[in-house]
Amino acid sequence: MLKEYKSLAEVAGPLMLVHNVEGVTYNEIGEITLANGEIRRCKVLEVNGAHALVQLFENAVGINLSSSKVRFLGRGLELPVSSDLLGRVFNGLGKPIDGGPEILADKRIDINGLPMNPAARNYPDEFIQTGVSAIDGLNTLVRGQKLPIFSASGLPHAQLAAQIARQAKVRGTDSKFAVVFAAIGITFEEADFFISDFRQTGAIDRTVLFMNLANDPAVERIATPRMALTAAEYLAFEKDMHVLVIMTDITNYAEALREVSAARKEVPGRRGYPGYLYTDLASMYERAGRIRGKEGSITMIPILTMPEDDKTHPIPDLTGYITEGQIILNRDLYKKGITPPIDVLPSLSRLKDKGIGRGKTREDHANTMNQLFAAYARGKEAKELATILGEAALSETDRLYAKFADAFERRYVSQGYQTDRSIEDTLKLGWELLAILPESELKRIRTEFIEKYHPAHAKPAAE
């Protein structure tokens, strides 16, 4: 029988102090029973001798210290899991909000899972096709990778996230593919956009959605990504599925962490965030990957909005240290009507070389990728020079590079949110754009690939 305590001493915002407790542990879940019989949940944040500091999952309105009581359940926050998770929508604490029944659980798993043991990891080296050329062709996503998207306020990261969730697939395998989508601190409109988009396109059937809205409590926001990762670990390592985890917005998560830290009167670190922000983010990100001897895998795309468009802000800065690259969205490209506005030059996928080439994408992929990067960089320089000195100051070759840069943004990067390009389509488009330049400029591509794939050398279809 669980012991009930009537020794509620103090409520301050989302925190409550309980005296004279016995055997209570950190992260344990408790239930507060109010005088009218209403039950609210809480989580133990700190235990000091016989005193426990707990955080409320709901607000503190209506709690009367003298007539309320609390009991601790002897376990942490758990997620009931089974194959029935797919196609369902849950709130940030794992409760169904789609009108469907409760999950008939195979088991219940504590959401505070451990980061993956580095010695047990398999190296990520399998190509995942997102259907987005700027990612597939230039900053390739690999199965088991952590590849964040750095966005900014007002940029269309929600549309890009939904597009990747709809289109992503592991090519050349009949393995089961699932998406776990965690929306953290988003507005009702955004939540409605994701749910209706997945339902209209049928992607909901292979997707598990966890929705935490902006008006939900901060402590729920902290639990939401861990709920999603727990579901992903079950599907990947017990049901042998390839799972893509998309989490938006990590900035809202970090803000909630800062709010809880401030309520606990902890010493703040950079910009008021707790000093353990790096460790906390790493404990989530490092749950993605592949495990030796297991068929399934977890690939992660965390999305974060950079406050004031600042890449050096603690959240993107620390995320960049932990993850294997980043995809950066650019406000200037967005203003020019480029969709999605992916800035390919500062973007990076550190594992792309492992997931491309013969047998994975195509033999010419690495060469054409390097040539496109180089040509676009030179084209942007030529355009800047033309802005300062006038187009007449450019050489004929520089004019071609400037023309290439414009065509590259308009045709390669900009594809809208409904176009699903295969890697062959992306590579073909890359070659069409490189044909704008003289063959003598294609110094990063082997001659045999130019003769095989360049449009000027391609054999007519009738042959």
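Excluded from the calculations below are hydrogen atoms, water molecules and symmetry mates; all remaining heavy atoms, backbone and side chain alike, are included.
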Pairwise ring pair (Phe, Tyr, Trp, His ring centres under 6.0 Å) hits with a residue in residues 73-124, at least two apart: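 Residue pairs with at least one partner in residues 73-124: Phe90-Phe210.
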Pairs touching residues 178-206 that satisfy ring pair (Phe, Tyr, Trp, His ring centres under 6.0 Å), sequence neighbours left out: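 Ring pair (Phe, Tyr, Trp, His ring centres under 6.0 Å) check on residues 178-206 returns Phe181-Phe194, Phe181-Phe198.
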Could you go through residues 318-327 and list every donor-acceptor pair under 3.5 Å that involves a side-chain atom there, pairing it with any protein atom two or more places apart or in another chain?
unit_1: Thr319; atom_1: OG1; unit_2: Tyr285; atom_2: OH; d: 3.0
unit_1: Thr319; atom_1: OG1; unit_2: Ile315; atom_2: O; d: 2.8
unit_1: Thr323; atom_1: OG1; unit_2: Thr319; atom_2: O; d: 2.8
unit_1: Thr323; atom_1: OG1; unit_2: Gly325; atom_2: O; d: 3.3
unit_1: Glu324; atom_1: OE1; unit_2: Lys146; atom_2: N; d: 2.8
unit_1: Glu324; atom_1: OE2; unit_2: Lys146; atom_2: NZ; d: 2.7
unit_1: Gln326; atom_1: NE2; unit_2: Pro346; atom_2: O; d: 3.4

Stacked cation flag Arg41 on Phe57, 6.0 angstrom / 45 deg: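 Yes, a cation-pi geometry.
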Cation-pi geometry met for Arg143 and Phe177 (6.0 Å, 45°): no
Considering only distance and modelled atom types, tabulate donor-acceptor pairs under 3.5 Å from the side chains of residues 46-53, sequence neighbours left out.
unit_1: His51; atom_1: ND1; unit_2: His19; atom_2: ND1; d: 2.8

Looking only at atom types and distance, does a side-chain atom of [X] sit under 3.5 Å from a main-chain N or O of [Y], one as donor and one as acceptor?
X: Gln371; Y: Arg444; value: yes
X: Arg421; Y: Leu429; value: no
X: Arg410; Y: Ala405; value: no

Side chain to side chain donor-acceptor pair (under 3.5 Å) against Glu233, all qualifying residues, sequence neighbours excluded: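 Testing Glu233 for side chain to side chain donor-acceptor pair (under 3.5 Å), a comparison that skips the adjacent residues, returns Arg287.
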Over 12 foreign heavy atoms within 6.0 Å of CD, Glu295: no
Test side-chain hydrogen bond (donor to acceptor under 3.5 Å, both in side chains) applied to Tyr412 and Glu432, step by step: CA-CA 10 Å; Tyr412 194 97; Glu432 287 174 12; over 6 Å; no
Aromatic contact, His313 with Phe150 (centres under 6.0 Å): no
Pairs flagged by side chain to side chain donor-acceptor pair (under 3.5 Å) wherever residues 191-203 is involved - sequence neighbours left out: Arg166-Asp197
